[in-house]
Every structure is written in structure tokens, then in C-alpha cells.
Amino acid sequence: MNSTKLTGKLPGSDAILVPEDLRNWSFPGSCLAVLGHPIGHSISPQIHNAALGEMSRHNVDFRDWRYFRFDVSSGQLKECLAMFSKLGFRGLNLTIPHKVEALEALDWIDSEAAEIGAVNTLVFRENGRCEGYNTDGQGLERALKENFGFPLRGGKIILLGAGGAARAAATRFLREGCSELWIGNRSSERMESLIKALAPNKEQKVQSFLLDNVPPNLLLSFGPSTLVVNATSLGLAREDDSPFDFSQFPEGGMAYDMIYNPAETTFLRNARTNGLQVSNGLSMLVHQAARSLRIWTGSEVPVEPMFAAAKEVLEERVNTA
């Protein structure tokens with residue numbers, strides 16, 4: 001793998017870089033980065049560099065690995081990917097708006113990413129080959145097991161939302177053999193589009209409903225073994241209502257919100273008040289990141305320093321808001 005020469009001051013984990021910074025890029029080690037627009041909210045550099053720091057204590061090969069973040073607009077992606085590859089970057093994470101757009105630039109795509117129709121992890125090989133993966137579903141699965149001991153195989157799941165995050169979750173749930181999957185959304189059109197996209201995987205029972213019209217049979221089937229996952233954007237603003245009302249359900253069950261900031265959304269407060277186990281999306285964020293790092297390094301990745309770094313930066317943002 002080619003590498004660049006170090007000149008000037010190394011950007012810190014909180015630096016927001018732009019494509020123009022690549023023209024004079026110089027770093028002698030192994031580079032990784034996350035691309036998005038906007039990207040200021042991303043804490044990926046902090047959590048990845050925390051893991052790499054711990055890994056370097058046990059393996060000197062990781063002492064020259066660094067992870068950065070770049071603000072790259074949609075129209076800049078294709079040109080930038082070529083520049084990252086030429087500069088010897090090991091790989092990239094992608095967030096909005098690049099997860100779908102990048103598909104046309106890949107030489108190979110993992111089967112799960114192909115089913116999801118989006119990638120969040122790219123790997124540059126020495127021969128210039130660019131490979132794409134999606135670690136979101138695996139990160140969510142690991143988070144659910146860690147937080148609730150919830151096995152996807154045979155599980156009964158209610159999934160809220162029909163966007164990219166929901167598709168990644170639904171794909172993983174079906175691939176791992178959930179027994180029943182209910183998908184609820186505000187828009188019937190977008191929900192039907194998701195159901196159609198999932199059709200090749202639909203060996204299990206998949207049903208849909210509108211969030212403002214929850215069917216009685218769904219209410220009756222809810223119980224202590226049911227998982228409710230919020231993959232909508234409701235909750236990003238503290239004043240947002242919950243996309244789901246738990247007041248009609250008996251105690252029991254589990255509620256997972258993919259949102260991690262704020263730490264407790266109205267959805268989670270509603271669920272907790274009605275006796276459900278709850279968890280926010282920080283665990284998914286960390287585990288999908290750890291999976292990406294495992295793909296790039298080929299080594300086991302410690303998640304404890306990643307959680308610690310994530311909590312530290314999120315606490316700092318709350319205190320300075």
C-alpha cells in the first residue's frame with residue numbers, strides 16, 4: 001500500500017477536512033476516513049482512533065493508523081474516491097448522502113450490502129480495486145444481543161421507518177431468520193417500496209402498517225419477547241413526539257432507538273414508562289464501526305475504548321450546547 005510523507009501538523013480527531021486538503025495530503029501511515037455532507041456531527045474519528053490507540057498497544061503495526069473526517073458533497077464523491085485510492089487510504093466510511101451514490105463506483109459489493117442497496121464501508125485494495133460493504137445490520141444485531149440478549153432467529157420484531165436505516169435493519173432481520181416482521185411507516189408509498197425491495201428475502205412473514213393506524217392484531221401479539229426498533233428520524237429533535245405509542249401494551253418487551261443523540265428520546269421515555277427494556281443507538285454506532293475496522297485491519301477490535309470515547313465526546317457536546 002502506498003503512503004504519503006508527513007509534513008506539517010497532523011489534523012486532530014475533531015478537524016473537519018475538505019477535498020482540497022487532499023491535494024497536499026501528507027501522512028506516512030495508514031489512513032482511514034469518513035465522508036459525508038454535512039459531517040460535523042460525526043464522532044467516527046474519535047471512536048475509531050480510540051480503538052486504534054488501544055490496538056497499537058499490543059501490535060506496533062497499528063501505531064501509524066489514523067482516521068479522519070471529510071466534508072464531501074454529492075457531486076464531489078467520484079473524483080474524491082479516486083484521490084483517496086491514489087493517496088493510499090486503506091478504506092472509508094460513508095454516510096449521508098453517499099451510501100447509495102457510491103455503488104456505481106465499486107468493483108465488488110458484499111451480498112448483504114447489495115440487498116440493502118447501500119454501502120457504508122469501502123476498502124481500497126493494492127491493485128486499485130474498490131470493494132463495498134454495509135456493516136449497519138451487523139452492528140444492530142450485535143447491539144441487540146449485547147443490550148437485551150435478543151436473538152434475531154425466531155424473534156418477533158416491529159420496525160418503525162422505511163428509509164435506508166430501516167432497510168439495513170430489515171435485511172439483517174430476515175437474513176438471520178426472524179419469525180415475524182412488522183414494518184410501520186408514516187407514508188404508505190415509501191413503505192410499499194421497502195416491502196418490494198425486501199421481496200427476495202421474504203421467506204418469513206412480513207406485514208406492514210401505518211404509524212397512525214396500528215392494527216388490533218399487532219397490539220394483541222405484542223408481548224415480553226417482542227422487539228420494537230425505531231429507524232425513523234423522529235427523536236433527533238428533543239421536542240419530537242414518539243413514532244409509536246406503548247400505552248396500550250402490557251409490560252414487557254424491548255425498545256431500541258437507532259438515535260443516540262439525544263441519549264433518551266420521547267420514544268424511549270414512552271417505552272420505559274410502560275415497562276419495556278430500552279436502549280439507544282450508541283451501541284449500534286460502536287458495533288458497526290468496530291465491524292468496519294475489523295474489515296480494514298483483519299484484527300479483533302476492542303469496543304470498550306470506542307464506547308468510552310463516544311460517551312466522552314457526546315457529554316462534551318451536551319455541556320457546551
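Note that these values count all heavy atoms, side chains included, but never hydrogens, waters or copies made by symmetry.
Of the N and O atoms on the side chains of Ser193 and Arg190, not one donor lies less than 3.5 Å from an acceptor on the other residue. If you check the side chains of Ser187 and Asn185, you find no donor sitting under 3.5 Å from an acceptor. With no hydrogens or angles considered, no side-chain donor-acceptor pair links His37 and Gln76 at under 3.5 Å.
With sequence neighbours excluded, the residues that form a side-chain hydrogen bond (donor to acceptor under 3.5 Å, both in side chains) with Ser279 are Asn147. The salt bridge (Lys or Arg N to Asp or Glu O under 4.0 Å) test applied to Glu131 returns Arg125, Arg129, not counting sequence neighbours. Annotation: side-chain hydrogen bond (donor to acceptor under 3.5 Å, both in side chains) contacts of Arg272 (sequence neighbours excluded): Glu264. Not a single salt bridge (Lys or Arg N to Asp or Glu O under 4.0 Å) links Arg238 to another residue, sequence neighbours left out.
Side-chain heavy-atom separations under 4.5 angstrom define the hydrophobic clusters, and the remaining members of the one that includes Leu236 are Ile259.
A salt bridge links Glu54 and Arg57; the closest N-O separation between the charged side-chain nitrogens and carboxylate oxygens is under 4.0 Å. Looking at Arg142 and Glu146, no side-chain N of the basic residue comes within less than 4.0 Å of a carboxylate O on the acidic one, giving no salt bridge.
The aromatic rings of Trp25 and Phe70 sit tilted, their planes meeting at an angle between 30° and 60°.
No side-chain donor-acceptor contact under 3.5 Å links Asn213 to the backbone of Phe209. One N or O on the side chain of Asn49 and one on the backbone of Pro45 form a donor-acceptor pair closer than 3.5 Å.
Sorted by first and then second residue, the side chain to side chain donor-acceptor pair (under 3.5 Å) pairs with a member in residues 294-303 read Arg294-Glu300; sequence neighbours excluded.
The local environment of CD in Glu189 is sparse, with at most 12 non-hydrogen atoms from other residues, nucleotides or ligands closer than 6.0 Å.
Rounding to the nearest 0.5 Å gives a distance of 4.5 Å between CD of Glu141 and CG of Leu152.
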